[in-house]
Amino acid sequence: VQLQASGGGLVQPGGSLRLSCAASGSIFSMALMGWYRQAPGKQRELVASIGNIGRANLADSAKGRFIISRDNAKNTVYLQMNSLKPEDTALYYCNTFPPTENWGQGTKVTVSS
């Protein structure tokens, strides 16, 4: 599965962003998918995951603020991020869950006033 994350940018605290991840490959609809992030100087962490029929799990830091969803017809997984905080600043990646070595380039999210 080839993955391309997009939708990052600069946003003020309290703002929102929607990340998208376009996947190629016929197995996408069966794959568990995840959004991960890596902040400067920190290890990559799982933010959210979603099963092939939409069952989602969120990290504690994301609960109540982020929503993960997927559109299997479009081979795309999304991460709606609301009430963003400076500590959400990171490079965001999508990958399968659990992840493969194919991380792609990620999309940068910067939360700053």
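Sequential numbering from 1 along the given sequence is applied to the chain's residues. Values reported hereafter were calculated over all heavy atoms of this structure, with side chains retained and with hydrogens, waters and symmetry mates removed. Keep in mind that what you see is a predicted model, and the values were worked out from it rather than measured.
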Output a table of donor-acceptor pairs, distance under 3.5 Å, between side-chain atoms of residues 39-60 and any protein atom two or more places apart or on a different chain; print 'none' if there are none.
residue: E45; atom: OE2; partner: R37; partner atom: NE; Å: 2.7
residue: E45; atom: OE2; partner: R37; partner atom: NH2; Å: 3.3
residue: D60; atom: OD1; partner: K63; partner atom: NZ; Å: 3.2

Listed partners of F66 passing ring pair (Phe, Tyr, Trp, His ring centres under 6.0 Å), at least two apart: none

Would you find a donor on one side and an acceptor on the other, under 3.5 Å apart, between the side chain of N75 and the backbone of A22? no

Give, for atom OG of S20 and atom NZ of K74, the distance between the pair rounded to the nearest 0.5 Å. 9.5 Å

Given the rule in the side chain to side chain contact (heavy atoms under 4.5 Å, CB included) test, do N102 and Q2 qualify, once you have shown the distances and angles that lead to the verdict? CA-CA 7 Å; N102 180 22; Q2 299 297 314; 3.9 Å; yes

So CD1 of I67 and OG of S69: to nearest 0.5 Å the spacing works out to 8.0 Å

In Å, rounded to the nearest 0.5 Å, how long is the span from CG of N95 to OH of Y36? 5.5 Å

When hydrophobic residues are tied together by side-chain contacts of less than 4.5 Å, even through go-betweens, does F97 share a cluster with M81? no

S16: what forms a side-chain contact (heavy atoms from CB on, under 4.5 Å) with it, not counting sequence neighbours? Q80, N82

Tabulate below the donor-acceptor pairs under 3.5 Å that side-chain atoms of residues 105-113 make, not counting sequence neighbours, or state none.
residue: T107; atom: OG1; partner: G8; partner atom: N; Å: 2.9

How many angstroms lie between atom SG of C94 and atom CG of L79, to the nearest 0.5 angstrom? 10.0 Å

Quick one: side-chain hydrogen bond (donor to acceptor under 3.5 Å, both in side chains) partners of R65, sequence neighbours excluded? D88

Considering non-hydrogen atoms only, spot the tightest contact between T96 and P98 and give its length. OG1-O, 2.9 Å

Mind checking whether W103 and V77 sit in one hydrophobic cluster, side chains of I, L, V, M, F, W, Y counted as touching below 4.5 Å? no

Over all heavy atoms of both residues, which pair between L17 and L84 is shortest? Give the atoms and the distance, please. N-CD1, 3.9 Å

Are L32 and Y93 connected into the same hydrophobic cluster when the rule is that any two of I, L, V, M, F, W, Y join if their side-chain heavy atoms are below 4.5 Å apart? yes

What pairs with Y78 under ring pair (Phe, Tyr, Trp, His ring centres under 6.0 Å), at least two apart in sequence or on another chain? none

